Every structure is written in structure tokens, then in C-alpha cells.
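Presented below is the structure to which this report refers.
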Amino acid sequence: MERSFLATLGYRPNKNHNPERVESNRRFAHPDAMPQSLAKILVHLVFSTKDRRPLLRDRMLREEMHRYLGGILANLDCQPIIVGGVEDHVHVLCALSRTCEPAEMVKEVKRGSSLWVKTRSHDLQEFAWQNGYGVFSIGFSQMESVRGYIAGQEEHHRKVSFQDEFRQLLRRYEIEFDERYVWD
């Protein structure tokens, strides 16, 4: 009776029983089911040009830069939602790939775009991004407000400097910082 009871639980005796080997006899409800790892991690990334130099003053170049940044993100499987900014800094809203680390994503975005922009004009040979950056997680319910915030950067920066904006973000996210090391 014990054997038939075990059979109803899915137990199948192994004729080649090896006590040193553990085997799972677990069966999936759907034999063709394939487990997946899924994620939707939204991040707001902010970084400036080196010394906040207004090197992206030309609107066409700036818009092209934003599209290029979006392309780099797409190649990293980090879905770009919106890229915007003004002459001295960039804001990015994207979905971070489940296999991409934030620091690696930022490194590739800055590296690739810096190399690209230097090919656009001889005047941009000295172009560089600042070493640092800010990356902030946002909830799905905040996506539209952050998208609007990024889209309205030109208007926003008629009243607020980049440094004040960045300080506000750091305070909002309760990130401790030392002014001596935030700017480069």
C-alpha cells in the first residue's frame, strides 16, 4: 500500500538508484513551460558636461546627441523612454535591462556618446562628460511626471541652475553628498 501511495504522489523508483546523486522528479503543470526572469526597473539618470561647459548649445547637435544616447541605451537593452536636457547636461529616463548594472550602463552611454560627438566637429575635440552622475530609481506611477520634467528642461533651466537642480534631486532622494566632490 505504501508503494501505491507514493506512486500517486508522482514518485517513480529509480532502478539505478545512486544514493550520492539527488534527482528531482518534479513535473511542471505545463510540460513545455519555460521559466523567465522579468524586470521593469525605471531609472532617471543625470550627468553634465565636464565643468558644465555649454558644449551642447547648438539645438540640432543636442537633439542628435539625445537620439544617439537613446540608441546606445537600446543597444544595451535598456529601453529609452525619453532623453533630454540643455547645453550643459542630460537627463535620461529608461528601463534598466535586468542584466545591466547601472554603473556599466552609464559608463557605456558616456563613453560612446563622447566618442561620437568628437566626430561631429573639430570644435568638439575637447568634449567630455563629468566623471560623476546621479541615477535615481522611480516608480512606474512616477514615469509620466518624470517624462514631463525631462521634456520641460529648457523652460525649467530659465529659472534654476543645473547645480541647484542636482542638489534638489539629491535631497529628494535623501542622498548625502559633499559639495567638494559632486562637481567636476
Side-chain angles (χ1 to χ4, degrees), residues 36-121 124 127-175 177 182-184:
Q36 294 182 358
S37 299
L38 305 169
K40 183 92 172 197
I41 302 167
L42 299 174
V43 295
H44 177 190
L45 168 64
V46 183
F47 56 91
S48 78
T49 58
K50 180 89 172 147
D51 300 319
R52 289 154 316 284
R53 293 175 58 200
L55 298 173
L56 300 173
R57 198 173 291 162
D58 179 88
R59 179 181 295 280
M60 288 180 57
L61 174 67
R62 185 168 61 241
E63 290 173 357
E64 197 174 353
M65 169 66 85
H66 296 165
R67 285 190 298 275
Y68 196 82
L69 291 167
I72 294 171
L73 290 164
N75 285 336
L76 294 170
D77 290 327
C78 295
Q79 174 194 3
I81 298 167
I82 186 171
V83 179
V86 292
E87 65 270 356
D88 65 349
H89 72 279
V90 172
H91 288 260
V92 172
L93 175 60
C94 68
L96 188 64
S97 164
R98 68 175 183 77
T99 60
C100 187
E101 298 171 7
E104 187 64 26
M105 181 260 297
V106 175
K107 176 180 145 188
E108 287 304 311
V109 163
K110 289 166 83 174
R111 184 191 65 77
S113 61
S114 181
L115 291 171
W116 170 81
V117 78
K118 290 175 183 181
T119 68
R120 308 310 294 161
S121 167
L124 294 169
F127 181 91
W129 295 113
Q130 74 174 114
N131 290 321
Y133 60 90
V135 66
F136 311 98
S137 63
I138 69 158
F140 194 75
S141 63
Q142 297 169 293
M143 186 168 63
E144 288 309 313
S145 65
V146 173
R147 182 196 308 252
Y149 177 77
I150 293 172
Q153 281 292 292
E154 288 188 39
E155 178 66 29
H156 176 70
H157 285 290
R158 289 188 185 124
K159 304 172 198 152
V160 180
S161 72
F162 170 70
Q163 288 101 325
D164 287 341
E165 173 187 55
F166 197 69
R167 285 183 195 104
Q168 288 170 359
L169 285 168
L170 294 172
R171 287 186 198 108
R172 180 179 303 143
Y173 283 90
E174 298 180 7
I175 298 172
F177 62 97
V182 174
W183 317 114
D184 67 345

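Remember, predicted model here, so these are calculated numbers, not experimental data.
In plain terms, the two heavy atoms of S114 and A128 that are nearest each other are OG-CA, 4.4 Å. Taking every heavy atom of both residues into account, R57 and P54 meet most closely at NH2-CG, 2.7 Å. Nearest heavy atom pair, residue L45 against residue V106, reads CD1-CG2, 3.6 Å. Nearest heavy-atom pair, S97 versus C78, reported as atom, atom and distance to 0.1 Å: N-SG, 3.5 Å. L96 approaches P102 most closely through the heavy-atom pair CD2-CG, 3.7 Å. The two residues N131 and K50 make their nearest non-hydrogen contact at ND2-NZ, 4.2 Å.
Put simply, the side chain of D58 gets close to the backbone of M60: a donor and an acceptor are under 3.5 Å apart. Not a single donor-acceptor pair under 3.5 Å links the side chain of R98 to the backbone N or O of L38. The backbone N or O of F47 sits nowhere less than 3.5 Å from a side-chain atom of K110 that would complete a donor-acceptor pair.
The distance from atom CG of L42 to atom CZ of R147, rounded to the nearest 0.5 Å, is 10.0 Å. Between M65 atom CE and L56 atom CG the span is 5.0 Å, to the nearest 0.5 Å. Remark: E101 CD to L76 CG distance equals 12.0 Å, nearest 0.5 Å.
Using a 4.0 Å cut-off between charged nitrogen and carboxylate oxygen, R111 and E104 do not count as a salt-bridge pair. At a threshold of 4.0 Å, the pair R67-E64 does not count as salt-bridged, since none of the basic side-chain nitrogens sits closer than that to a carboxylate oxygen.
Between F177 and F166, every side-chain heavy-atom pair lies at or beyond the 4.5 Å cut-off. Contact check for M105 versus L73: side-chain heavy atoms found under the 4.5 Å cut-off. The side-chain heavy atoms of D77 and T99, taken from C-beta on, include no pair separated by under 4.5 Å. With a 4.5 Å cut-off on side-chain heavy atoms, T119 and L115 do not count as touching. Between I175 and L169 the shortest side-chain heavy-atom distance does not fall below 4.5 Å. Put simply, the side chain of R62 does not reach to within 4.5 Å of the side chain of V90, judged on heavy atoms. Contact of the R167 side chain with the Q163 side chain is registered, since non-hydrogen atoms from C-beta on lie closer than 4.5 Å. Within the 4.5 Å cutoff, the side chain of F136 has heavy atoms near those of the V46 side chain.
Residues in residues 80-91 take part in these side-chain hydrogen bond (donor to acceptor under 3.5 Å, both in side chains) pairs, two or more places apart or across chains: H44-H91, H89-H91, H89-Q153, H89-H157, H89-E165, H91-Q153, H91-E165. The list of ring-ring contact (aromatic ring centres under 6.0 Å, His included) pairs with a residue in residues 59-82, not counting sequence neighbours, reads Y68-W116.
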*Step by step, work out the side-chain hydrogen bond (donor to acceptor under 3.5 Å, both in side chains) result for S113 and W129.*
CA-CA 9 Å; S113 61; W129 295 113; 2.9 Å; yes
*Test side-chain contact (heavy atoms from CB on, under 4.5 Å) on K107 and Y133 and set out the steps.*
CA-CA 10 Å; K107 176 180 145 188; Y133 60 90; over 6 Å; no
*Any chance you could lay out the side-chain contact (heavy atoms from CB on, under 4.5 Å) test for C94 and Q79, step after step, and finish with the verdict?*
CA-CA 5 Å; C94 68; Q79 174 194 3; 5.9 Å; no
*Walk me through it: do L124 and L61 pass the test side-chain contact (heavy atoms from CB on, under 4.5 Å)?*
CA-CA 11 Å; L124 294 169; L61 174 67; 3.6 Å; yes
*Taking it one step at a time, do L93 and I138 satisfy side-chain contact (heavy atoms from CB on, under 4.5 Å)?*
CA-CA 9 Å; L93 175 60; I138 69 158; 3.5 Å; yes
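Other residues, nucleotides and ligands contribute at most 12 non-hydrogen atoms within 6.0 Å of the CZ atom of R53.
Judged by a 6.0 Å distance limit and a 45° cone about the ring axis, K40 is not positioned over the six-membered ring of F140.
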